Amino acid sequence: MSFARSALLWVSENRQLRQTLPRYKFIRRAVSRFMPGEELVDAMFAAQQLQAGNINTIVTRLGENVSTAAETQEVTEHYLNALPQIQQKNLDAYISVKPTQLGLDFNEKLCLQNLTAIVERAQALKNWIWIDMEQSGYVDRTLALYKNIRRQYPHVGLCVQAYLYRTPKDLEALLPYSPAIRLVKGAYMEPPNVAYPKKADVNASFLALAKMLLANIKKNDVTLGVATHDKILIKQIQQAAAEMGLAKTAYEFQLLYGIQSDEQLRLAKEGYRMRTLISYGSFWFPWYVRRLAERPANVWFVVKNMFQ
Ligand code: FDA
């Protein structure tokens with residue numbers, strides 16, 4: 001892992017910097033590149049525009065590591081109200097949630113209860129809920145949460161991270177659940193005994209896992225979201241899927257708002273299912289710094305904004 005990436009990931013997890021840095025105007029200006037606004041209406045407006053170009057969406061309200069039951073209640077209510085608004089606007093927009101937004105840090109039962117309420121409302125409205133994967137210390141609890149909910153509700157998906165050594169085994173154990181899986185490289189700072197430190201190994205793991213999931217789309221009724229901006233991997237996965245005889249619509253690409261927008265349009269135009277994840281909310285700092293860490297050259301964009 002490069003020094004710049006490690007330093008940025010350290011900043012993203014530093015409590016004091018999480019509180020002070022977002023107050024600077026130039027940082028607030030720079031974040032708008034990755035986020036259409038802080039409110040749900042901003043995300044829905046962007047979703048409407050993307051939908052006109054055949055790109056569906058996932059919306060997520062930024063926030064993580066909340067520490068009181070009242071805060072989790074507020075987040076849950078927010079999503080329960082967001083679901084009918086999405087339906088009223090005829091948007092094909094799923095919702096993605098972070099388990100630590102719903103109480104995973106301090107009360108697993110409460111987290112399950114909150115998530116169940118959201119998934120139940122989504123299911124009633126024929127929508128889907130996706131569960132993000134956070135730092136490696138949360139993986140066991142998040143897998144348990146997913147399995148628990150998936151037993152009752154089909155419209156729920158889970159993110160898994162290719163950089164973790166454990167992920168092939170975790171996926172094997174998930175296959176009997178006919179899971180919906182979003183495959184990502186992984187965004188957090190992890191020690192080398194837990195995750196591949198080298199990018200080449202992460203990429204190789206991503207490709208192997210994607211192939212395994214593609215092969216299980218028919219066999220185990222797997223739903224697959226390939227979530228990467230890596231054009232080489234995207235090509236390799238398209239090729240592998242075609243060789244397996246899978247249609248372009250048998251799986252989906254999921255990319256982030258504001259990143260590789262041309263590639264997103266191209267995928268949609270070529271007949272692939274394309275879904276853009278749009279973030280909104282006021283607690284954007286750690287999430288934003290993780291985006292900088294993915295491409296430390298983005299820091300220049302922040303610096304440029306400092307002088308505007
Ligand atoms: P990589 O980082 O190798 O990037 C490939 C290319 O894409 C770069 O060379 C650059 O051109 C471009 N690019 C990538 N990131 C960029 C950026 N921030 N700014 C500008 N250009 C950029 N992670 C996680 O741990 N848990 C989760 O729940 C999720 N959820 C999630 C959902 C979706 C829809 C996506 C797309 C990603 C996530 N992630 C995630 C983040 C993921 O783990 C990973 O950190 C990022 O997707 C960046 O990795 P890439 O696969 O894009 O490859």
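Heads up: numbering here begins at 1 and tracks the sequence. Keep in mind that this is a model prediction, so the values were computed, not measured. First listed ligand is number 1; within each ligand, the first listed atom is number 1.
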Open item on the list: Pairs of nitrogen or oxygen atoms closer than 3.5 Å, one from F34 and one from ligand 1: do any exist?
Closed with: no
TODO: Please confirm whether F253 and Y251 have ring centers closer than 6.0 angstrom.
DONE: yes
Task: Step-by-step side-chain hydrogen bond (donor to acceptor under 3.5 Å, both in side chains) determination, Q260 to Q264 - done: CA-CA 6 Å; Q260 308 266 29; Q264 302 194 19; over 6 Å; no
Task: Distance-only N or O hit between ligand 1 and Q161, under 3.5 Å - done: yes
Task: Y188, portion touching ligand 1 at heavy-atom distance under 4.0 Å - done: side chain
Task: cation_pi(K248, Y272) dist<6.0 Å, angle<=45 - done: yes
TODO: Tell me which one of T60, I259, T228, I131 gets a heavy atom nearest to atom 50 (P) of ligand 1.
DONE: T228
Task: Per atom 1 (P) of ligand 1, closest listed option by heavy atom (K185, R5, H229) - done: K185
- [ ] Closest by any non-hydrogen atom to atom 42 (C) of ligand 1: pick that one out of V202, V226, V184, I58.
- [x] V184
Task: Residues in side-chain hydrogen bond (donor to acceptor under 3.5 Å, both in side chains) contact with E270, at least two apart in sequence or another chain - done: R266
Open item on the list: Any nitrogen or oxygen of G186 lying under 3.5 Å from a nitrogen or oxygen in ligand 1? Just yes or no.
Closed with: yes
Task: Element-labelled atoms of ligand 1 that are located less than 4.0 Å from some non-hydrogen atom of R291 - done: 17 (C), 18 (N), 41 (C)
Task: For Q254, atoms of ligand 1 separated by under 4.0 Å from a heavy atom - done: 34 (C), 36 (C)
Task: Residue selection (non-hydrogen contact nearest atom 32 (C) of ligand 1) among R182, E263, R33 - done: R182
Task: Heavy-atom protein neighbour under 4.0 angstrom from atom 4 (O) of ligand 1 - done: no
TODO: Heavy-atom contacts with C159 under 4.0 Å: which atoms of ligand 1 show up? List them by number with element.
DONE: 26 (N), 27 (C), 28 (O), 29 (C)
TODO: Determine the interplanar angle of the W287 and F34 rings, folded into 0 to 90°, and report it as parallel if under 30°, tilted if 30 to 60°, perpendicular if over 60°.
DONE: perpendicular
TODO: Tell me which one of M133, Q260, K98, K199 gets a heavy atom nearest to atom 11 (O) of ligand 1.
DONE: Q260
Open item on the list: Is atom 8 (C) of ligand 1 near the protein, in the sense that some protein heavy atom lies at less than 4.0 Å from it?
Closed with: no
Open item on the list: Under a 4.0 angstrom heavy-atom cut-off, which atoms of ligand 1 come close to D132?
Closed with: 28 (O)
